[in-house]
Amino acid sequence: MNLSLLAYALLGGLAIGLLVSIYSDIRYRLIYNWVTGPIALAAPLYWVATGTFGWPEIGYYLAAGLATFLFFALFFQFGMMGGGDVKLFAAVALWFPPLVVVKFVFNASLLGALVTIIFFAIHKIRKAVGPVRIPYGVAISLAGLWCSGEQFFNHFR
């Protein structure tokens, strides 16, 4: 199999996983481990397919994923984010080089603000009681689709 074809197929699989995460987070406010696990496990295959599987690159990818996990674990610790959101952030971060991870987190933050505004408005319109439950997985997934789309259209550069 051609490695470029494999890379495109893996990006397609990532996109499917992120779309499933959007649906499940809106519908059930859950991001399933059976979605985030394969996203994380497929990242090394993507590194091989794109030719970024050297020792320095592996360290960069893992460090970026770990830093992302630890940073958002703080938000989970203070009850500001769910555990599935943290795991999804880290799993998707494994797919990108560190500078793209910064862009990914920034895009997710902007999209998260938009998702928050939308769900606050829906909460007010429905006159619902109780706290608003924001599906941040939507913003994380959209930012992941954005960054992976750039990888796709820029041919992995």
Side-chain angles (χ1 to χ4, degrees), residues 1-112 114-116 133-157:
M1 178 182 249
N2 185 351
L3 288 181
S4 293
L5 184 59
L6 177 62
Y8 285 122
L10 288 166
L11 282 174
L14 173 63
I16 290 168
L18 293 174
L19 291 171
V20 168
S21 294
I22 289 171
Y23 173 78
S24 69
D25 204 21
I26 290 173
R27 178 94 167 120
Y28 305 109
R29 296 301 191 270
L30 289 172
I31 299 172
Y32 296 107
N33 289 336
W34 59 263
V35 175
T36 55
I39 287 173
L41 292 174
L45 292 174
Y46 180 71
W47 306 339
V48 170
T50 57
T52 57
F53 197 69
W55 283 112
E57 291 89 357
I58 292 171
Y60 297 146
Y61 284 114
L62 293 176
L66 180 63
T68 303
F69 179 81
L70 293 174
F71 179 72
F72 288 103
L74 291 172
F75 288 86
F76 172 75
Q77 183 66 32
F78 293 110
M80 300 166 64
M81 184 176 276
D85 299 323
V86 175
K87 290 183 278 187
L88 184 62
F89 248 128
V92 176
L94 290 172
W95 285 71
F96 307 122
L99 289 177
V100 179
V101 171
V102 172
K103 183 178 184 179
F104 163 61
V105 170
F106 180 76
N107 291 343
S109 299
L110 291 178
L111 291 166
L114 182 62
V115 167
T116 300
R133 294 183 63 206
I134 308 297
Y136 289 116
V138 173
I140 298 164
S141 296
L142 289 174
L145 288 168
W146 184 338
C147 290
S148 63
E150 286 180 351
Q151 298 281 15
F152 178 83
F153 289 115
N154 291 331
H155 305 287
F156 316 112
R157 291 190 181 139

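Throughout, residue positions are numbered sequentially from 1 according to the sequence presented.
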S.K.: With a 4.5 Å cut-off on side-chain heavy atoms, are Val105 and Phe89 touching?
M.R.: yes
S.K.: May I ask you to check whether Tyr60 and Thr52 show a side-chain donor-acceptor distance below 3.5 Å?
M.R.: no
S.K.: Would a 4.5 Å heavy-atom cut-off, applied to side chains only, mark Tyr136 and Leu88 as touching?
M.R.: no
S.K.: Quick one: does Trp34's side chain get under 4.5 Å of Val20's, heavy atoms only?
M.R.: yes
S.K.: Can you check whether Phe72 reaches Asp85 side chain to side chain, under 4.5 Å on heavy atoms?
M.R.: no
S.K.: Classify the ring geometry of Tyr28 against Tyr23: parallel below 30°, tilted from 30° to 60°, perpendicular beyond 60°.
M.R.: perpendicular
S.K.: Looking only at heavy atoms, what is the nearest atom pair of Leu18 and Gly144, with distance?
M.R.: CD1-C, 3.7 Å
S.K.: Could you check whether any side-chain heavy atom of Trp146 comes within less than 4.5 Å of a side-chain heavy atom of Phe104, counting everything from C-beta outward?
M.R.: no
S.K.: Using a 4.5 Å cut-off on heavy atoms from C-beta on, say whether the side chain of Ile140 contacts that of Asp25.
M.R.: no
S.K.: What distance do Leu14 atom CG and Leu19 atom CG have between them, rounded to the nearest 0.5 Å?
M.R.: 9.5 Å
S.K.: What is the minimum heavy-atom distance between Phe76 and Gly82, and which atoms define it?
M.R.: CD1-C, 3.7 Å
S.K.: Does some side-chain heavy atom of Val100 sit less than 4.5 Å from a side-chain heavy atom of Trp95?
M.R.: no
S.K.: Kindly compute the distance separating SG (Cys147) from CG (Leu142), expressed to the nearest 0.5 Å.
M.R.: 11.0 Å
S.K.: Distance check, rounded to the nearest 0.5 Å: Leu62 atom CG versus Ile58 atom CD1?
M.R.: 7.0 Å
